[in-house]
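Letters A, B, ... mirror the listed sequences (proteins, then strands); counts begin at 1.
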Amino acid sequence: MRFTRFGLSTLRDTPAEAEIVSHQLMLRAGLIRRLSSGLFTWMPLGLRVLRKVEAIVREEMDRAGALEVLMPAVQPAELWQETGRWEKYGNLLLRMQDRHQRDYCFGPTHEEVITDIARRELRSYKQLPVNFYQIQTKFRDEIRPRFGVMRAREFTMKDAYSFDVDQAGLEQSYQVMHAAYTAIFERLGLKFRVVDADSGEIGGNRSQEFHVLADSGEDAIAWCDEDNFASNVETAATTAADGEALAPELELEKVSTPNTKTIEELTTLLSLKPEQTLKTLIVEGDEQPVALVLRGDHELNAIKAAKIPGVASPLTMSDPATIVRVTGCKPGFAGPIGLKIPVFYDHATKVMSDFVCGANEADMHLTGVNFGRDIDTPKTVDLRNVVEGDSTPGGKGTLSIARGIEVGHIFQLGTSYSEAMNATIQDQDGNDVTLLMGCYGIGITRIVGAAIEQNNDERGIIWPEPLAPFDVVLIPINMHRSDTLREAAEALYAELAELGLDVLFDDRDARPGVKFADAELIGIPHRLVISDRGLEAGELEYRHRRDDDSRMMKREDALNLLKESSLS
RNA sequence: CGGGGUGUAGCUCAGCCUGGUAGAGCACUGUCUUCGGGAGGCAGGGGCCGGAAGUUCAAAUCUUCUCACCCCGACCA
């Protein structure tokens, strides 16, 4: 491809809207352009990368025996009403009507459609197992689209759905996908981790996420290699603290703490560590509000909390008026003592002594509080996010925490959709049995952002070679003033293409610095510079995007090097 | 949804407070010089100053409404 014919425009300035490095670089390198909030056009350069991702995913899915289909992006409301998700999915679902005022949605996922296919097409267990997949555009009306293609509203997803006659079959299908996903992310050249996960909106039993590791990731993941444990922090369990609380040393005392609504203000005022405080959060319950009590330095885990019987799901913080009603004081001074509503304590609070908590009285806290003496010793539950250094559920090690970008998610759905939609099949004994489903997603567009997030430097993108839009960039120096060089450059360009390499030939009449800067910004792995200088010696200058320096090579050696790298 | 912020050239932004001919850098066109790490000169093109209403002799600038985009989201940040 000739640069002058490729319609690529790069930006020197970083557009103000981009917050994270991958978004900035995607805009600067001309991979994408924004149309509207969460909507992006993939420009020629970006589309090349996207197609590479798709191709790898498609190859591995095919290899795993999955069958490619293409379902409609627009889906009738009736299907979603069958599974109850027309209501349950909420505002994330983009709804629309046709000219007859019939309701439709733009598909955010395709369980309903594929289950409909399955109940029509699948009659006998002999047709199983089967796994249908597609690579397709989805739309989710995100509350807050951000980070460019990482959390866009419209995006490309590979979604696959397996069907089995029994649980053993489902587990087998699930493992096949687990292996296929591992192969995909390895081939993409990304550093990733597989973690246990919450099954969330889609429902079902076992579920694991594939995360590309990156500091800007929206998810926190906890792992411990000694214990072979890895989980999204959303679901990583904490265990009940060992041991007993120390004997009280301090007397219960009520102290004035005006305008200290946060733990930070409280610890500053009283010269405490956050670990010596309790915080009490009032949330909505099924019948009445409930209080959740955590150690001051811990974070509430909304998913865990919402699963406690009596707590409203999804977790909803009570409004200030309710807090006043149940605690008798303004927000910021709630404490467990004297509350007339159910109170749930986190495991970590069990071993606390001589701690500080709100007094349920405006501008007052209690100090020297102890379980057993001032309040009943509580039964504790798992309410908080794990933190670095927590012991693992298996007890063999401690947890490390890293951030990740969720790029793949596999679920054992079981019968949640097939039952609601009456998708059954005949087994060997001639009985009708409900199909067991698995579903498996990969965020195709998100992978492009995640890859950049993990591979960049101050000059720009550094593509992993399997994703690079071009294998090699050919930069002639001052070609427009030397016919000899032009001929040599053209010949080299033709020869590289002949080798099956994707070549970007920078034929612009531009100064070398401009060409180097652009080549580095768009991140082409291999760079060949051809100049009058080297031409006489029959040499080219070679440099890999990750190299610090370039080196002169004989023309043939350079060609061989590129040939080999394109084969590997 | 709630809170905050920003809308001026393709991009980054100044001008707005204190109303009076719409600006800079980058990008773009032509031309000359330059030519191995984002060159320089000269000459150009490009703006419903997000939209509407209002105040005024006069509005990018003041007022109101509206739209779009960005950031933040219970404890903690």
*Atom C1', compared across B:G10 and B:U66: separation rounded to whole Å*: 27 Å
*asked:* Using OP1 and OP2 only, check whether a side-chain N or O of A:R459 sits under 4.0 Å from B:G37.
replied: no
*Comparing A:G38 and A:T10 on RNA chain B - which has the more 5′ nearest nucleotide*: A:T10
*Determine the contact category for A:S36: base if any of its heavy atoms lies under 4.0 Å from a base atom, sugar-phosphate if only primed atoms, P, OP1 or OP2 are that close, otherwise nothing.*
sugar-phosphate
*Examine B:C70: is either OP1 or OP2 under 4.0 Å from a nitrogen or oxygen in the side chain of A:S37? Give yes or no.*
yes
*asked:* Any base atoms under 4.0 Å from A:S531, or only sugar-phosphate, or nothing? Heavy atoms, all strands.
replied: base
*Write down the distance between CZ (A:R146) and C1' (B:C71), rounded to a whole number of angstrom.*
9 Å
*Establish, with yes or no, whether the OP1 or OP2 oxygen of B:G36 is under 4.0 angstrom from a side-chain nitrogen or oxygen of A:N478.*
yes
*With a 4.0 Å cut-off on heavy atoms, is A:R527 in touch with a base, just the backbone sugar-phosphate, or nothing at all?*
base
*asked:* So, does A:R144 get its side chain near the phosphate of B:C72, meaning an N or O under 4.0 Å from OP1 or OP2?
replied: yes
*Could you tell me whether A:I263 contacts a base, only the sugar-phosphate backbone, or nothing, with contacts defined as non-hydrogen atoms closer than 4.0 Å?*
sugar-phosphate
*Could you measure between the two C1' atoms, the one in B:U21 and the one in B:G7, and give it in whole Å?*
24 Å
*Checking all strands, does A:R34 fall into the base, sugar-phosphate, or nothing category for heavy-atom contacts under 4.0 angstrom?*
sugar-phosphate
*Are A:R511 and B:C35 close enough that a side-chain N or O sits under 4.0 Å from OP1 or OP2?*
no
Got a list of protein N/O to nucleotides 7-15 of chain B N/O distances below 3.5 Å?
unit_1, atom_1, unit_2, atom_2, d
B:U12, OP1, A:A16, N, 2.7

*Inter-nucleotide C1' distance (B:G46, B:A39), Å rounded*: 24 Å
*Judged by modelled atom types alone, do A:N455 and A:R546 share a side-chain donor-acceptor pair under 3.5 Å?*
yes
*For nucleotides B:U63 and B:C17, find the distance between their P atoms and express it as a whole number of Å.*
9 Å
*Taking atom P in both B:C48 and B:G23, compute the distance separating them and give it to the nearest angstrom.*
15 Å
*side-chain contact (heavy atoms from CB on, under 4.5 Å) against A:D382, all qualifying residues, sequence neighbours excluded*: A:A237, A:T238, A:K304, A:D346, A:H347
